[in-house]
Amino acid sequence: MQISFGAIADDFTGATDLAALLSRSGWPVSLRLGLPKPADTPVAPFEIIALKIRTVPVEQAVEQALIAADWLEKAGAKRFYWKYCSTFDSTAEGNIGPVSEALMQRLGASQTIYCPAFPENGRSIFMGHLFVGEQPLDESPMKDHPLTPMRDSSLVRLLSPQVTSPVGLANRLVVAKGVEALRDRLDALKNKGVRHVVVDAVADDDLAVIAEATMGFRLVTGGSALAMPLPKLLADAGELSGSRGHETQVRVAEGQIVLSGSCSAMTRKQVARYLPHAESYKLDPLILAEQGVEPALDWLRSVSIDRAKLVYATAEPDEVRNYQQALGVEKSGALVEEALARIAQEASRLGVSRFVVAGGETSGAVVNALGVRQLSIGKEIAPGVPWTYANLEGRTIALALKSGNFGAEDFFAQAFNLLEAS
Ligand SMILES: Nc1ncnc2c1ncn2[C@@H]1O[C@H](COP(=O)(O)OP(=O)(O)O)[C@@H](O)[C@H]1O
Ligand SMILES: O=C(O)[C@@H](O)C(=O)COP(=O)(O)O
């Protein structure tokens, strides 16, 4: 199998988001969770490696991204993509810039671009500022994210301390002039020694221009939407081998659960909307610290397999701040992630086959605990959130890994309904 495109995603929801958008083209997409083994071989022209490196220490993020890039390169990839969040989530130390620089050096890329825009989900970039709907990033609910609170909307300012050379901007006025104008702007910046360029995009048409203008780039970085035009561009350039496939449709046994560790504004609404429709259990980090996860597991075992279930730690920003003050940011997050991971294992053991997981870090913890290494991509429930399928010791489970702010308010019910209809 000849790879055309190799991507590294910094979290698991981000990887399924990218896989969903590429899959819209009909070309096969392979999604691996965690680093592949050296002997693994590529299976699709689009190979995505999902890592859980958004909030880990910088050196670990760089090390894992480089191992992933080496595997993709050995598998034949010529073009590389570094996928991070459409809200540019990173800690103050920040992994987006260091991983980009390490990949550029390893792959011999002299310049790269940064474009997290995802217009379909309301993320746009204008004059270098990232907007969520009509709000600048730092005024959006992302300012209260438990792990990566975003307190600035300027991507140039956010990225500059994360890289070792100047950051430039190709603004919307240039992008609106088309492919040649954008190429000229990128070249002019390169001639001035600017290796990192934030590129504005407010609509899918802008992303089409940017994708075409950067077809010659060895490394492109951004959200999922910028990759959407690539299958057609690569096919037109004769760089895709194999044939278009069909959407994966799989019958999955009963038994459903929602596991929510996301505290994002949309997840809070989704949890509130789903509560009357499911047996529910709220995780409290303080109780987890004192009593562990056993009480939650006892509750899970007491609920009949055919009842819809919801286990959540989802809480309002003030509540989260209280937990973080009492336990520390890292510890409260880790307690919740470990608890939801353990609950997922027990649910699977009890025969649950349909999992909706809300939250990127949460999804990473859950999927790792289940021991899932590879996902096939099914129908998209909401933009950027597909059903995915995994083989778990001979049986098929369905997983929807939902990014914190994606999906409509009735997402959870919608997800299970779509699975029923498949
Ligand atoms: N009640 C809570 N108190 C403190 N931290 C929490 C709470 N609930 C969830 N968390 C943590 O917040 C983080 C949410 O991140 P993530 O799962 O990536 O969600 P999102 O997709 O919304 O960013 C996780 O580390 C999770 O364990
Ligand atoms: O680009 C996006 O917004 C998503 O693909 C993504 O990365 C989501 O991360 P979480 O919000 O942590 O789920």
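All ligand and atom numbering here is 1-based and tracks the order in the structure.
- Electrostatic pairing of Arg195 and Glu101 does not count as a salt bridge here, judged by no charged N lying under 4.0 Å from a carboxylate O.
- Regarding atom 26 (C) of ligand 1, its nearest protein heavy-atom neighbour is Gly261 O, 3.4 Å.
- Looking at heavy atoms from C-beta onward, Leu288 lies out of side-chain contact with Glu338 at the 4.5 angstrom threshold.
- The option from Leu18, Thr13, Thr362, Asp17 that lies nearest to atom 5 (O) of ligand 2, judged by heavy atoms, is Asp17.
- Not a single N or O atom of Ser403, backbone or side chain, sits closer than 3.5 Å to an N or O atom of ligand 1.
- Using a 4.0 Å cut-off between a side-chain N of Lys or Arg and a carboxylate O of Asp or Glu, Arg79 and Glu239 qualify as a salt bridge.
- Between Glu361 and ligand 2 there is no heavy-atom distance shorter than 4.0 Å.
- Residue-ligand proximity, Pro285 to ligand 1, at heavy-atom distances under 4.0 Å covers atoms 1 (N), 2 (C), 3 (N).
- Heavy atoms from both the backbone and the side chain of Ser262 come within less than 4.0 Å of ligand 1.
- Proximity of Ala313 to ligand 1, defined as any heavy-atom pair under 4.0 Å, is shared by backbone and side chain alike.
- When only interatomic distances are considered, the shortest N/O to N/O separation between Phe406 and ligand 2 does not fall below 3.5 Å.
- Listed by atom number, the atoms of ligand 1 under 4.0 Å from Thr362 heavy atoms are 17 (O).
- For an aromatic pair to be called close, the ring centres must be under 6.0 Å apart, and Tyr312 with Phe412 fails this.
- Considering backbone and side-chain atoms alike, Gly223 places every N or O at 3.5 Å or more from each N or O of ligand 2.
- Remark: ligand 2 and Lys402 share no N or O pair separated by less than 3.5 Å (distance only, no angle test).
- Checked by distance only, ligand 1 and Gly360 come closer than 3.5 Å through their nitrogen or oxygen atoms.
- Nearest-heavy-atom check against atom 11 (C) of ligand 1 across Gly328, Gly333, Gly404 picks out Gly333.
- Of the protein's heavy atoms, Arg54 NH1, 3.1 Å lies nearest to atom 12 (O) of ligand 2.
- Atom 3 (O) of ligand 2 has its closest protein heavy atom at Ser86 OG, 2.5 Å.
- Under 4.0 Å is where a charged nitrogen must lie from a carboxylate oxygen, and between Glu319 and Arg268 no such pair does.
- If you look at Leu147 next to ligand 1, the close heavy atoms, those under 4.0 Å, all belong to the side chain.
- For the pair Lys309 and Glu346, the salt-bridge criterion is not met [side-chain N within less than 4.0 Å of a carboxylate O].
- In this structure, Arg342 does not pair ionically with Glu294, as no charged nitrogen and carboxylate oxygen lie closer than 4.0 Å.
- Checked against a 3.5 angstrom limit, the closest N/O atoms of Ser264 and ligand 1 fall inside it.
- Summary of contacts: the protein heavy atom closest to atom 3 (N) of ligand 1 is Tyr323 CD1, 3.5 Å.
- Counting only N and O atoms by type, the side chains of Glu47 and Ser30 include a donor and acceptor under 3.5 Å apart.
- Between Arg321 and Asp318, at least one side-chain N (NZ, or NE/NH1/NH2) sits under 4.0 Å from a carboxylate O, which counts as a salt bridge.
- Residue Glu337 holds the heavy atom nearest to atom 25 (O) of ligand 1 of all those in Lys52, Glu337, Glu361.
- Not a single heavy atom of Thr267 sits under 4.0 Å from any atom of ligand 1.
- Lys232 NZ: 12 or fewer foreign heavy atoms inside a 6.0 Å radius.
- Considering backbone and side-chain atoms together, Asn405 places no N or O closer than 3.5 Å to any N or O of ligand 2.
- Looking at Thr221, its side chain does come within 3.5 Å of a backbone N or O of Ile113 through a donor-acceptor pair.
- In terms of protein heavy-atom proximity, atom 6 (C) of ligand 2 is closest to Cys85 SG, 3.6 Å.
- The protein heavy atom nearest to atom 19 (O) of ligand 1 is Gly359 CA, 3.4 Å.
- Ligand 2 does not have Arg123 within reach: every non-hydrogen atom of the residue lies 4.0 Å or more from it.
- Set against the non-hydrogen atoms of Gly360, the atoms of ligand 2 under 4.0 Å away are 10 (P), 12 (O), 13 (O).
- The closest non-hydrogen atom to atom 8 (C) of ligand 2, taken over Gly359, Gly261, Ser403, comes from Ser403.
- A 4.5 Å side-chain heavy-atom check between Leu173 and Met127 finds at least one atom pair inside the cut-off.
- When ring centroids are compared, Phe131 and Phe126 stay outside the 6.0 Å threshold.
- Residues Leu230 and Met215 meet the side-chain proximity criterion, which asks for heavy atoms closer than 4.5 Å.
- Numbered from 1 in the order shown, with element, the atoms of ligand 2 that lie under 4.0 Å from a heavy atom of Lys83 read 1 (O), 2 (C), 4 (C), 5 (O), 6 (C), 7 (O).
- The nearest non-hydrogen atom to atom 20 (P) of ligand 1, considering only Gln324, Met142, His145, comes from His145.
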